[in-house]
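First up is the structure itself, then whatever we jot down about it.
In what follows, every heavy atom counts, from backbone to side chain, and hydrogens, waters and symmetry copies are set aside.
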Amino acid sequence: MMRFLRGFPSHRGLIFALATMLVFLTVGHNWLKDLHNPFTALLFLLWLLPAIVGAAFSVVRHADALAHRLGEPYGTLVLTLSVTAMEVTMISAVMLTGPDNPTLARDTMFSVVMMILGGLVGTSLLIGGLRHRQQEFNLEGANSYLALIVPISLFGLVLPNFTVTTTAPTYSPAQSIIVAVLCVAVYAVFLVIQTMRHREFFSHEVLQEQTAEKPHGPLWVDVVLLLVSLVPVVVLAEELAVILDFGTHRMGLPPALAGLIVAGLILAPEGMGGIRAAASNHLQRSVNLLLGSALATIALTIPAVLIVGVVTGKSVVLGLPSSDTLLLAVVLALCVITFGRGRTNVLQGAIHLLVFLMWLALVFQG
């Protein structure tokens, strides 16, 4: 507790998020039930967004403190799973309490993949290349990530378009359970590889030179504050769902915009961490953060939303439209090429950003 009080200025984001949560749980629980004015919706959006971002940064801050204590590869694993937990809880909360939006999970997962593999990877490689000309990373680790990212993303976001048990681009309940079990099982195998059998795949000599001071104080403080920071993310996601539904259904905004906003909120803190790592010439840590987050997103979020759909009976549309399928194939192929040599430069970063900007343009002008 004393450590929390000493660090009060750095906890302003969490305090603002908790205060906002308390307001909406008490006096403000009916404010969004009769939303019909675009200006009012915008005001609430400008209130909720920084509150959720503040809580998200608090989650990553305390996960990062745990990461420094645990070392690699456990450090980036804690960060990755924390961000994935936010994504799963936000999507599940919106699915269970918000208006019916069968494509929200798909749009969010696809947005996460494109923002990570296109925007964040591209920005990290571009900044790292500008500052250090050429950067190196552990080839075995990157290939391990991509070996799972490619098939699972295709099974989750493309294959439902070709199944015949349902008329929509969805899985049947039996197929949903099979896909969920297989995704969790193969990710469990990956965790064994990452943390036990081949830890050396996910470290690099340059990373070992990092001399950042490890945090002091009891471990349980960071664990408790991390869990506390997750609570407003879940609660405020329900309120955000009402505003997103108003924007997409009543104001005619692009349907994929809701998934993009949710993905941006989730990835903001971890994305900044990956970019900072690359700028500091710790490309291996950036690779671990970004590719690990993309893998956890598709390997854990897909099973979560499929199980929620089976239990609640809600339809979960996973199959991407043809244009998004093409963009997914392009960014996956580009990642295989980029991370196939063990070193990167400015050119790879610029190409990844090109794909990301093309996808972003199609979100608004598709």
Side-chain angles (χ1 to χ4, degrees), residues 77 80-114 116-117 144-195 230 233-234 237-238 241 255-256 258-259 262-263 266 291-322 324-325 328-329 332:
L77 181 60
T80 297
L81 293 180
S82 298
V83 172
T84 305
M86 285 194 294
E87 179 181 1
V88 171
T89 52
M90 284 186 70
I91 295 176
S92 300
V94 172
M95 288 179 62
L96 293 173
T97 62
D100 189 24
N101 187 351
T103 64
L104 174 68
R106 179 200 70 186
D107 293 339
T108 301
M109 287 186 287
F110 180 59
S111 296
V112 168
V113 171
M114 292 303 298
I116 293 176
L117 301 185
S144 298
Y145 286 119
L146 293 175
L148 272 71
I149 289 174
V150 172
I152 295 179
S153 59
L154 295 178
F155 291 160
L157 299 174
V158 177
L159 187 60
N161 288 323
F162 300 95
T163 57
V164 296
T165 53
T166 60
T167 56
T170 61
Y171 282 126
S172 67
Q175 290 172 335
S176 297
I177 294 174
I178 293 172
V179 171
V181 171
L182 291 178
C183 287
V184 173
V186 74
Y187 189 70
V189 174
F190 173 80
L191 292 183
V192 173
I193 297 297
Q194 185 182 26
T195 60
L230 282 171
V233 173
V234 179
E238 301 175 8
V262 174
I266 295 167
L291 295 188
S293 182
L295 174 58
T297 291
I298 57 176
L300 298 179
T301 307
I302 288 176
V305 298
L306 287 176
I307 295 302
V308 170
V310 170
V311 172
T312 62
K314 291 190 174 183
S315 176
V316 179
V317 175
L318 289 180
L320 292 170
S322 56
D324 289 340
T325 300
L328 177 64
L332 291 176

Quick one: [atom1] on [X] to [atom2] on [Y], what's the gap to the nearest 0.5 Å?
{"X": "L291", "Y": "L117", "atom1": "CG", "atom2": "CG", "result": "6.5 Å"}
{"X": "T312", "Y": "I307", "atom1": "OG1", "atom2": "CD1", "result": "10.5 Å"}
{"X": "L182", "Y": "I152", "atom1": "CG", "atom2": "CD1", "result": "9.5 Å"}
{"X": "L332", "Y": "S153", "atom1": "CG", "atom2": "OG", "result": "4.5 Å"}
{"X": "L320", "Y": "F110", "atom1": "CG", "atom2": "CZ", "result": "5.5 Å"}
{"X": "D324", "Y": "S111", "atom1": "CG", "atom2": "OG", "result": "8.5 Å"}

Determine whether a donor-acceptor pair (N or O, by modelled atom type, separation under 3.5 Å) exists between the side chain of T103 and the backbone of R106.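 Checked: no pair found.
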For the residue pair [X] and [Y], establish whether any side-chain heavy-atom pair is separated by less than 4.5 Å.
{"X": "Y171", "Y": "L318", "value": "yes"}
{"X": "T166", "Y": "Q175", "value": "no"}
{"X": "V316", "Y": "V308", "value": "no"}

Acceptor/donor pairs from residues 295-302 side chains to any protein atom, 3.5 angstrom cut, sequence neighbours excluded:
unit_1, atom_1, unit_2, atom_2, d
T297, OG1, E87, OE1, 3.1
T297, OG1, S293, O, 2.8
T301, OG1, T297, O, 2.8

Give me the atom names and distance for the closest heavy-atom approach of G319 to P160.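 Shortest heavy-atom contact: N-CB, 3.9 Å.
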Taking all heavy atoms of A294 and all of I149, pick out the closest pair and write down the distance.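 Closest pair (atom of A294, atom of I149, distance): CB-CD1, 4.1 Å.
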Is the OH atom of Y187 crowded by more than 12 outside heavy atoms at less than 6.0 Å?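 More than 12 heavy atoms, drawn from other residues, nucleotides or ligands, come within 6.0 Å of this atom.
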Those residues that, when tested against T163, pass side-chain hydrogen bond (donor to acceptor under 3.5 Å, both in side chains) (two or more places apart):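 Expected list: none.
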